[in-house]
Trainee: 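Take a look at the following structure, please.
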Amino acid sequence: MGQEESRPNARPVVSIKNARKSFGGVEVLKGVTLEVRPGETVAVIGASGGGKSTLLRCATLLEKLDGGSLSYGDIAVAREQGGRTVYAAPSAQRAARERFGLVFQNYNLFPHYTVMKNITDAPLSVQKRPRGEVEQQARELIAKMGLEGCEDKVPCQLSGGQQQRVSIARALAMNPEVMYFDEPTSALDPELTAEVLKVIKLLAAENMTMVVVTHEMSFAREVADRVVFMDGGVVVEEGPADQVIDHPREARTQAFLRRISE
């Protein structure tokens, strides 16, 4: 797993400090800090409404923090000033976006694009990379995802598990430094879930830096170097996967794990 390859003293790939976010007067993030180092796989667990997806949305600039700071390596995306968060120039935000990939719950593929075009579109149009290089990488990713023969199909011709694997390939085609997964199997039945988790396990074995919001505890135990349990907008407990899942110290973590095992 990534833990053996990650460098504890290396600069974090992503650093979120004291993150605060409210919606309509309801505080959803209440001072969350999360740092992820190169090669590390972090699983974020917790009940719905605990702030997990909001944390990912703020980390990926889909939402703006009300307070706290966010950086990607040497890019300071947002910093706290006078009790509120001030964002860097749009150019810095664009540079930060090139450093991560995001896989949603519901695929978010372009329905009228083929598998190949879904994967190659952003590297060609955003990164302006050579077509030959991009298409070669796309073919390699299609093979890696077990999608050979699907190159010319459109999303409606694919199963949910296949669509999710296309969305993973599409994110990887941008050569990100960190991959975010937001409940990547929540819309899938058990057989298709296994297909997608197998791909994420492969990425972990290759030391891809990842943050995975998941409700699959056995997967988190097997793949994650570190597990973060969130509840009520705060990080209640974090540590090695086997410690947090099998021997949780905090009463709230114990109660959550009891509840989902019943």
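Please read these numbers as outputs of a predicted model, since none were measured by experiment.
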Trainee: Pairs under 3.5 angstrom only: tabulate donor-acceptor contacts from the side chains of residues 130-138 to other protein residues two or more places apart or in another chain.
Mentor:
| unit_1 | atom_1 | unit_2 | atom_2 | d |
| --- | --- | --- | --- | --- |
| Arg131 | NH1 | Glu135 | OE2 | 3.2 |
| Glu133 | OE2 | Arg129 | NE | 2.8 |
| Glu133 | OE2 | Arg129 | NH2 | 3.2 |
| Gln136 | OE1 | Arg139 | NH2 | 3.4 |
| Gln136 | NE2 | Glu140 | OE2 | 2.9 |
| Gln137 | OE1 | Arg129 | NH2 | 2.7 |
| Gln137 | NE2 | Asn175 | OD1 | 2.7 |

Trainee: Are Leu29 and Phe229 linked, directly or through intermediate hydrophobic residues, by side-chain heavy-atom contacts shorter than 4.5 Å (ILVMFWY only)?
Mentor: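 No, Phe229 and Leu29 fall in different hydrophobic clusters.
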
Trainee: Looking at residues at least two apart in the chain, or sitting in another chain, which of them share a ring-ring contact (aromatic ring centres under 6.0 Å, His included) with Tyr107?
Mentor: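 Expected list: none.
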
Trainee: How many angstroms lie between CZ in Phe100 and OH in Tyr180, if you round to the nearest 0.5 Å?
Mentor: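 Nearest 0.5 Å value for the CZ-OH distance: 7.0 Å.
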
Trainee: List for me each residue that meets side chain to side chain donor-acceptor pair (under 3.5 Å) alongside Ser15, sequence neighbours excluded, and say none if there are none.
Mentor: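 For Ser15 the side chain to side chain donor-acceptor pair (under 3.5 Å) partners, ignoring immediate neighbours, are Glu35.
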
Trainee: In the hydrophobic clustering (ILVMFWY, side-chain contacts below 4.5 Å, transitive), which residues join Tyr113, or is it alone?
Mentor: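 Cluster partners of Tyr113: Phe110.
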
Trainee: Any side-chain heavy atom of Asp66 sitting closer than 4.5 Å to one from Arg84?
Mentor: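 Asp66 does not reach Arg84 side chain to side chain.
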
Trainee: By salt bridge (Lys or Arg N to Asp or Glu O under 4.0 Å), which residues pair with Asp246, not counting sequence neighbours?
Mentor: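 Counting only residues at least two positions away or on another chain, Asp246 forms a salt bridge (Lys or Arg N to Asp or Glu O under 4.0 Å) with Arg221.
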
Trainee: So which heavy atom on Pro155 is nearest to which on Leu109, and how close?
Mentor: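 The answer is CG-CB, 3.9 Å.
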
Trainee: Which atom pair, heavy atoms only, marks the closest approach of Gly101 to Ala171?
Mentor: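 Closest approach of Gly101 to Ala171: CA-CB, 4.1 Å.
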
Trainee: Under a 4.0 Å N-O cut-off, is there an ion pair linking Arg165 with Glu195?
Mentor: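 Salt bridge: yes.
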
Trainee: Check this for me: Glu148, atom CD, are more than 12 non-hydrogen atoms of other residues, nucleotides or ligands nearer than 6.0 Å?
Mentor: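 Yes, because the 6.0 Å sphere around CD of Glu148 holds more than 12 heavy atoms from other groups.
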
Trainee: Over all heavy atoms of both residues, which pair between Ala78 and Thr85 is shortest? Give the atoms and the distance, please.
Mentor: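 Reported closest heavy-atom pair: CB-CG2, 3.5 Å.
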
Trainee: Would you sort out whether Ile142 and Ile119 count as a side-chain contact (heavy atoms from CB on, under 4.5 Å), showing the intermediate values?
Mentor: CA-CA 9 Å; Ile142 285 168; Ile119 295 170; 3.7 Å; yes

Trainee: After noting the C-alpha distance and the side-chain angles of Glu80 and Arg20, does the key distance pass the salt bridge (Lys or Arg N to Asp or Glu O under 4.0 Å) rule?
Mentor: CA-CA 11 Å; Glu80 189 143 33; Arg20 300 186 303 283; 2.4 Å; yes

Trainee: Got Leu203 and Met210 here, is their nearest side-chain heavy-atom distance under 4.5 Å?
Mentor: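 Side-chain contact under 4.5 Å: yes.
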
Trainee: Can a donor-acceptor pair be found between the side chains of Arg252 and Gln254 at a distance below 3.5 Å?
Mentor: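 No.
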
Trainee: Are the side chains of Gln127 and Met174 in contact, using a 4.5 Å heavy-atom criterion?
Mentor: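 Met174 vs Gln127: side chains touch.
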
Trainee: Can you give me the closest heavy-atom contact between Ser167 and Val103, atom names plus distance?
Mentor: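 Heavy atoms of Ser167 and Val103 come nearest at OG-CG1, 3.6 Å.
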
Trainee: Nearest 0.5 Å, please: how far is NZ in Lys52 from CE in Met230?
Mentor: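 Between Met230 CE and Lys52 NZ, I get 8.0 Å after rounding to 0.5 Å.
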
Trainee: Decide yes or no on side-chain contact (heavy atoms from CB on, under 4.5 Å) for Phe104 and Asp182, but give the supporting numbers first.
Mentor: CA-CA 5 Å; Phe104 298 91; Asp182 187 7; 5.7 Å; no

Trainee: Scan residues 232-242 for pairs that pass side chain to side chain donor-acceptor pair (under 3.5 Å), counting only residues two or more places apart or in two chains.
Mentor: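 Output for this query lists Arg226-Glu238, Glu237-Gln243, Glu237-Thr253.
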
Trainee: Is the shortest side-chain N to carboxylate O distance from Lys144 to Glu206 below 4.0 Å?
Mentor: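 Answer for the salt bridge query: yes.
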
Trainee: Ignoring hydrogens and geometry beyond distance, is a side-chain donor-acceptor pair present between Asp152 and Thr114 at under 3.5 Å?
Mentor: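 There is no such pair (donor and acceptor under 3.5 Å, judged by atom type) between the side chains of Asp152 and Thr114.
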
Trainee: Taking the six-membered ring of Phe219 as reference, does the cationic atom of Lys201 (NZ for Lys, CZ for Arg) lie under 6.0 Å from its centre and within 45° of its axis?
Mentor: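 Verdict for Phe219: no cation-pi partner in Lys201.
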
Trainee: Decide, yes or no, whether a salt bridge links Arg99 with Asp74 under the criterion of side-chain N to carboxylate O below 4.0 Å.
Mentor: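 Answer for the salt bridge query: yes.
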
Trainee: Testing the basics here: between Pro38 and Arg11, what is the closest heavy-atom pair and its distance to 0.1 Å?
Mentor: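 Minimum heavy-atom separation between Pro38 and Arg11: CD-O, 3.7 Å.
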
Trainee: Mind listing the closest non-hydrogen atom pair of Ala224 and Ala241 along with its distance?
Mentor: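 What the structure gives for the nearest pair is O-CB, 3.5 Å.
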
